[in-house]
Amino acid sequence: EVQLQASGGGLVQAGGSLRLSCAASGFTFDDYAIGWFRQAPEKGREGVSCIRSDAIDTLYGSSVKGRFTVSRDNAKNTVYLQMNNLQPEDTAVYYCAADREEGPGLSMWYSDYDFWGQGTLVTVSS
């Protein structure tokens, strides 16, 4: 059974930090890029960041670039999202998803992703 378990969300004050984790199982982790997406109330799903299986190539959304850092540990089948200098506009449910790599490059288009986790809520107070 494919599973993507996102965790690490919570309530933090503006300027604070959180680290999200995405634990994967049930598929060949090394064959997949992993993306982070978020969805705020009454807004569409937004691509936050993604990382290729080589753990080197990464991509960030413009709203988080310079504040968030994505990494992965293939030995643990886990991807991390370090979020620094959090702002109220970062408040959302954060999801991780897996995209099978069939060529070079990375995508933050949600329809390209094959498997999705259940999400973890991040709330940033002002």
Side-chain angles (χ1 to χ4, degrees):
E1 179 188 3
V2 171
Q3 284 195 332
L4 287 164
Q5 184 79 27
S7 61
L11 174 63
V12 64
Q13 288 189 330
S17 298
L18 282 174
R19 188 176 83 153
L20 305 184
S21 297
C22 173
S25 62
F27 61 98
T28 306
F29 189 68
D30 292 357
D31 288 345
Y32 285 78
I34 302 295
W36 285 98
F37 296 80
R38 66 186 182 186
Q39 188 160 15
E42 300 182 4
K43 290 190 177 181
R45 194 162 294 191
E46 175 190 7
V48 175
S49 182
C50 53
I51 185 167
R52 279 186 67 89
S53 58
D54 62 8
I56 297 173
D57 288 343
T58 59
L59 202 59
Y60 295 93
S62 57
S63 61
V64 307
K65 201 168 186 179
R67 300 188 297 126
F68 291 10
T69 303
V70 66
S71 61
R72 68 190 283 164
D73 185 339
N74 286 344
K76 295 181 178 179
N77 282 14
T78 302
V79 172
Y80 305 97
L81 185 68
Q82 178 67 42
M83 306 186 297
N84 297 330
N85 191 23
L86 283 160
Q87 299 300 315
E89 53 267 32
D90 295 315
T91 295
V93 176
Y94 284 70
Y95 301 88
C96 58
D99 175 20
R100 184 176 178 87
E101 293 175 353
E102 297 177 351
L106 281 164
S107 167
M108 283 205 296
W109 187 243
Y110 66 87
S111 64
D112 287 337
Y113 283 74
D114 304 298
F115 311 129
W116 289 82
Q118 86 294 355
T120 186
L121 177 61
V122 172
T123 304
V124 184
S125 63
S126 57

Tell me whether [X] contacts the main-chain N or O of [Y] through its side chain, where contact means a donor paired with an acceptor under 3.5 Å.
| X | Y | result |
| --- | --- | --- |
| Asp114 | Arg100 | yes |
| Gln118 | Gln5 | no |
| Thr91 | Val124 | yes |

Q. With sequence neighbours left out, what residues match Tyr80 under ring-ring contact (aromatic ring centres under 6.0 Å, His included)?
A. none
Q: State, without any angle test, whether Ser63 and Glu89 hold a side-chain donor-acceptor pair at a distance under 3.5 Å.
A: no
**Q.** Under 3.5 Å side-chain donor-acceptor pair for Ser111 and Trp109
**A.** yes
Looking at [atom1] of [X] and [atom2] of [Y], how far apart are the two atoms once the value is rounded to the nearest 0.5 Å?
| X | Y | atom1 | atom2 | answer |
| --- | --- | --- | --- | --- |
| Ser49 | Met108 | OG | CE | 6.5 Å |
| Ser25 | Glu1 | OG | CD | 7.5 Å |
| Thr120 | Arg38 | OG1 | CZ | 14.0 Å |
| Glu102 | Asp112 | CD | CG | 9.5 Å |
| Tyr60 | Leu81 | OH | CG | 7.5 Å |
| Asn74 | Asp30 | CG | CG | 4.5 Å |

To check you understand the geometry: which heavy-atom pair defines the closest contact between [X] and [Y], and what is its length?
| X | Y | value |
| --- | --- | --- |
| Ala24 | Leu4 | CB-CD2, 3.6 Å |
| Gln82 | Ser17 | NE2-CB, 3.9 Å |
| Ala92 | Ala40 | CB-N, 3.8 Å |
| Ile51 | Val70 | CG2-CG2, 3.9 Å |
| Cys50 | Tyr113 | CB-OH, 3.5 Å |
| Gln87 | Asn85 | NE2-OD1, 2.9 Å |

When you group the ILVMFWY residues by side-chain heavy-atom contacts below 4.5 Å and let the links chain together, are [Y] and [X] in the same group?
| X | Y | result |
| --- | --- | --- |
| Met83 | Leu121 | no |
| Val93 | Trp116 | yes |
| Val12 | Val64 | yes |
| Phe37 | Phe68 | no |
| Trp36 | Leu86 | yes |

Q: Verify side-chain contact (heavy atoms from CB on, under 4.5 Å) between Val79 and Cys96, making sure each step is shown before the conclusion.
A: CA-CA 9 Å; Val79 172; Cys96 58; over 6 Å; no
Q. Where do Val122 and Leu20 land on the side-chain contact (heavy atoms from CB on, under 4.5 Å) test, with the steps shown first?
A. CA-CA 9 Å; Val122 172; Leu20 305 184; 4.1 Å; yes
Q.
Other residues, nucleotides and ligands only: do more than 12 of their heavy atoms fall within 6.0 Å of OH on Tyr110?
A. no
Q: Under the side-chain contact (heavy atoms from CB on, under 4.5 Å) rule, what do Ser53 and Arg72 come out as? Steps first, then yes or no, please.
A: CA-CA 8 Å; Ser53 58; Arg72 68 190 283 164; 4.3 Å; yes
Q: Check Phe27, Phe29, Tyr95 against Phe115 for a ring pair (Phe, Tyr, Trp, His ring centres under 6.0 Å) and give me the one that passes.
A: Phe27
